[in-house]
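So you know, we letter chains A, B, ... as the sequences are listed, proteins then strands, and number each from 1.
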Amino acid sequence: MSVLNVNSDLNEQQLLAVESTANHTLVLAGAGSGKTKVLTHRIAWCIETGQVRPDSILAVTFTNKAAKEMQHRIQSLIPTPINRMWVGTFHGIAHRLLRMHYELANLSPQFQIIDTDDQLRIIKRILKELDFADKEYDPKEIQSRINFWKEEGIRPKNVQVEGCSNDEMSLQIFKEYEAICIKSSLVDFSELLLRVYELFSDNISLLETYRSRFQHILVDEFQDTNKLQYRWLNLLASQKNNFFVVGDDDQSIYSWRGARVENMQKFRKHYPDYNLIRLEQNYRSSSNILSAANALISNNPSRIGKNLWTNKEDGKPLMLYSAYNELDEARYVVDTIESEIQSDHEHKLSDCAILYRVSAQSRVLEDALRLKGIEYRVYGGFRFYDRAEIKDVLGYLRLVFSKNDDAAFERVVNFPPRGIGDKALGAIREGARSYNVSLFEAAETLLKNKELPARTEKALNDFFMIIENIKNHEVIDNDSLSELIEIISLKSGLVEHFKKEKGGRGLDRIENINELTIAAKDFDGVEENGILESFLTQASLESGETQASEGADCIQLMTLHSAKGLEFKFVFILGLEEGLFPHKRSIGSMEQLQEERRLCYVGITRAQEYLCLTHAESRRLHGSEYLTSLSRFVKELPESTIEHVRIGGSFIDFSNEEKQSSEGDYQLGQIVEHDIFGSGIVLALEGRRESLRIQVNFEDSGIKWLVASYAGLKKI
DNA sequence: TATCCGACCTTTTTT
DNA sequence: AGGTCGGATA
């Protein structure tokens with residue numbers, strides 16, 4: 001099929017984008033408007049019309065999944081092999097560049113990527129060593145502070161401290177952290193990006209090489225780029241390069257992890273000759289669903305602005321169900337799936353998604369689905385390579401690979417427990433610092449010099465024996481990674497340890513280790529150096545989406561965040577209540593509230609034919625029960641698109657339960673007045689009757705916890 | 001050194 | 001409710 005034919009099924013706007021001849025193009029692509037289609041067709045078109053060779057194209061995405069899908073879709077459009085094209089995530093591409101230019105980037109050739117967990121471990125260790133223990137500092141907070149700095153492109157030497165003691169001490173940790181990373185050749189996620197940025201800005205000739213190599217740079221989900229990623233792209237994309245970005249400001253839902261929608265405005269400023277193309281025809285949703293989405297998002301004042309339209313029929317109205325509580329809500333959703341969807345053989349279970357704001361909401365649903373024997377799959381949550389047992393095995397693997405991997409040493413030296421506690425570890429760290437060697441080498445030295453108590457000495461010797469044992473096997477079968485992992489899981493005592501774990505949890509873990517062995521089989525028999533490296537890289541850069549049930553036909557459960565980019569015939573959005581959605585942590589700020597609204601917009605626009613919204617009048621969350629009020633987002637939807645579902649017979653079933661206490665007098669979001677503090681908004685309720693405590697955000701006096709029976713609050 | 005118990009906290013997630 | 005963390009205890 002020729003590309004011209006392929007392009008013939010594009011609409012006018014899509015075609016303009018695909019064949020845009022401007023050097024810089026910003027495509028404002030509404031939900032369901034064929035964003036990926038435009039991106040893939042453009043690449044296909046560029047190659048096929050002979051304008052560009054695949055290896056002068058750089059296409060950047062945010063997830064590995066998106067990268068793979070893009071590659072796949074392009075290849076299905078054109079016969080030219082595209083494996084020399086650079087398609088990948090920011091991190092994947094950065095990693096590739098650093099491996100190629102490690103010397104210029106001041107890295108050792110065998111630098112290791114560490115993940116969030118390893119990073120936190122290092123920070124905790126630093127805190128302990130610097131004796132910050134007495135102060136109430138949260139390692140996680142420091143971690144995000146450090147990553148925030150890095151994502152701003154800031155090194156410790158560039159930090160401007162403004163007399164804030166918290167910052168000062170974070171800076172001290174930052175310095176120490178950087179020293180450790182340099183010493184042990186560790187690179188964290190934000191470091192990957194920052195290094196490449198510095199690599200390019202410090203080596204103009206290298207930058208020029210890549211500028212002329214990557215004639216075309218394309219970016220997906222541009223609204224999700226952070227500051228550093230933008231600077232990175234901006235460096236690479238000179239005025240001469242062809243820079244093509246696709247994004248939707250209305251779907252920006254990741255500002256909390258550094259995404260900057262403003263990058264879309266920046267693009268317009270940096271590339272003034274840019275060509276702006278709006279994709280506004282929606283091919284996904286029925287007209288009712290789209291009207292609801294449009295009405296909702298129009299309440300956000302700061303938008304670039306676009307209006308999605310469709311030539312589809314009105315379709316079914318949106319259903320709004322008012323549940324008595326979260327159990328009733330789950331029951332209604334599951335019943336509806338059973339009666340409306342499962343009964344019709346035209347429909348597959350996988351056409352159907354249940355979306356919610358917080359992952360804690362999935363429990364009740366899972367229970368209800370299991371009760372009915374309906375297959376389901378929960379997306380997100382724990383990722384495969386993040387599981388503790390997987391990281392344990394990988395820890396051994398890393399240590400076998402490199403003695404100098406301190407993070408791996410710490411993880412594994414006393415796991416499974418073999419009597420090397422804090423004290424022994426402290427001595428080893430001390431030794432490592434004074435001899436300026438790795439922990440592993442320090443331990444060896446301590447052992448040689450007989451500086452340790454007999455018990456520790458024996459334990460440590462055992463540990464070295466294990467590592468030695470594993471290594472010997474490696475020599476025999478050095479082309480079988482899966483075998484090596486099997487040997488590790490046995491010799492390390494991990495499997496034995498997990499077998500003893502109570503509650504069946506351990507068997508799951510062993511199962512996961514087996515899966516890791518299977519994943520490693522892909523690398524078996526590859527006659528190439530650095531197999532271990534590439535396996536470890538895959539483990540740290542990819543989340544391991546390979547769940548057995550992925551292809552199975554089942555109901556899809558996920559948070560609204562993880563639903564972005566997907567579409568389903570039937571969508572249920574649950575928990576439309578003030579305080580839950582919009583979440584109470586976002587209610588206080590205009591910016592965050594707008595982001596919640598965009599999240600709701602993302603949710604609504606996932607639906608093709610059928611959309612059901614629910615809220616529960618009473619909800620049990622974190623152990624206590626709250627009375628709720630309907631989400632403002634529902635009130636922003638046009639009444640004409642909504643049908644209210646009457647509460648079914650099940651209401652009676654629940655009325656037998658213990659009656660709600662009078663805590664119901666207060667609702668989240670309610671305005672109250674206090675004699676001294678003035679007026680404020682109820683943020684949270686806890687306990688009941690005389691022990692009921694209320695958290696109120698007072699206009700003048702800030703957030704306070706009050707005991708309801710003493711406070712004498714007046715409802716307004 | 002390992003384990004158990006109570007205090008505390010609780011949005012969203014990719015690399 | 002359920003997980004994590006730190007201190008106290010075996």
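In this structure, A/His583 packs face-to-face on the six-membered ring of B/dT11, meeting both the 5.5 Å centre cutoff and the 30° plane limit. In this structure, A/Phe62 forms no aromatic stack with the base of B/dT14, since the conditions of centre separation below 5.5 Å and plane angle below 30° are not both met.
Side-chain contact between A/Tyr177 and A/Gln119 is present, with at least one heavy-atom pair separated by less than 4.5 Å.
In this structure, the nucleotide among B/dT13, B/dT15, B/dT1 sitting nearest to the side chain of A/Ala424 is B/dT1. Nearest nucleotide to the side chain of A/Thr559, out of B/dT12, B/dA2, C/dC5: B/dT12. If you check B/dT12, B/dT13, B/dT15 against the side chain of A/Val358, the one that comes closest is B/dT12. Distances were taken from every side-chain heavy atom of A/Trp256 (C-beta onward) to each of B/dT10, B/dT15, B/dT12; the shortest belongs to B/dT12. For A/Arg620, the listed nucleotide lying nearest its side chain is C/dA1; candidates were C/dA1, B/dT11, B/dT15. In this structure, of B/dT10, B/dT1, B/dT11, it is B/dT10 that holds the atom nearest to the side chain of A/His622. Residue A/Thr89 has its side chain nearest to B/dT15 when only B/dA2, B/dT15, B/dT10 are considered. For A/Lys423, taking side-chain heavy atoms from C-beta onward, the closest of the listed nucleotides B/dT1, B/dT10, B/dT14 is B/dT1.
Remark: the A/Thr116 side chain and the B/dT15 base include a donor-acceptor N/O pair separated by less than 3.5 Å.
Counting to the nearest Å, the P atom of B/dA2 and the CZ atom of A/Phe415 are 11 Å from each other. When rounded to the nearest whole Å, the span between CD of A/Glu366 and C1' of C/dA1 equals 14 Å. Taking atom OH on A/Tyr356 and atom P on B/dT12, their separation rounds to 10 Å, with Å as the unit. One can place CG of A/Leu560 at 10 Å from P of B/dT13, the figure rounded to the nearest angstrom. Atom CG in A/Leu355 sits roughly 12 Å away from atom P in B/dT13 (whole-Å rounding). Between A/Asp118 atom CG and B/dT15 atom C1' the separation is 13 Å, expressed in whole Å. The CD-C1' distance, from A/Gln143 to B/dT15, rounds to 13 Å in whole Å. In this entry the distance linking CZ of A/Phe384 with P of B/dT14 reads 16 Å, nearest Å.
Checked for salt-bridge contact, A/Arg121 and A/Glu410 miss the test: no charged N lies under 4.0 Å from a carboxylate O. Note on A/Arg620 versus A/Glu326: no salt bridge recorded, every NZ/NE/NH1/NH2 to OD/OE distance being 4.0 Å or above.
Between A/Tyr376 and A/Glu366, the side chains place a donor N or O and an acceptor N or O closer than 3.5 Å (distance only, hydrogens not considered). Side-chain N/O atoms of A/Glu577 and A/Ser631 include no donor and acceptor closer than 3.5 Å. No side-chain donor-acceptor contact under 3.5 Å links A/Ser618 and A/Asn325. Between A/Thr61 and A/Glu221, the side chains place no donor N or O within less than 3.5 Å of an acceptor N or O (distance only, hydrogens not considered).
Between A/Asn64 and B/dT15, a side-chain N or O to OP1/OP2 separation shorter than 4.0 Å is present. An OP1 or OP2 oxygen of B/dT12 is reached within less than 4.0 angstrom by no side-chain nitrogen or oxygen of A/Arg357. One finds a side-chain N or O of A/Asn414 lying less than 4.0 angstrom from the OP1 or OP2 phosphate oxygen of B/dA2. Phosphate contact (OP1/OP2 of B/dT13, side-chain N/O of A/Ser562, threshold under 4.0 Å): present.
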Heteroatom pairs (N/O) under 3.5 angstrom, protein to nucleotides 2-4 of chain C:
from  : atom 1 : to       : atom 2 : distance (Å)
C/dG2 : OP1    : A/Arg363 : NH2    : 2.9

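Among the heavy atoms of the strands lying under 4.0 Å from A/Lys124 are primed sugar atoms or P, OP1, OP2 only; no base atom is included. If you check every strand for non-hydrogen atoms under 4.0 Å, A/Ser359 touches sugar and phosphate atoms only.
In summary, of the residues considered (A/Arg260, A/Lys564, A/Arg598, A/Arg257), a salt bridge (Lys or Arg N to Asp or Glu O under 4.0 Å) with A/Asp224 occurs for A/Lys564 alone.
Mapping A/Ser586 and A/Ile420 onto DNA chain B via the closest heavy atom, the residue that lands nearer the 5' end is A/Ile420.
Stacking of A/Arg377 on the aromatic ring of A/Tyr379 is recorded, both the 6.0 Å distance cut-off and the 45° axial limit being met.
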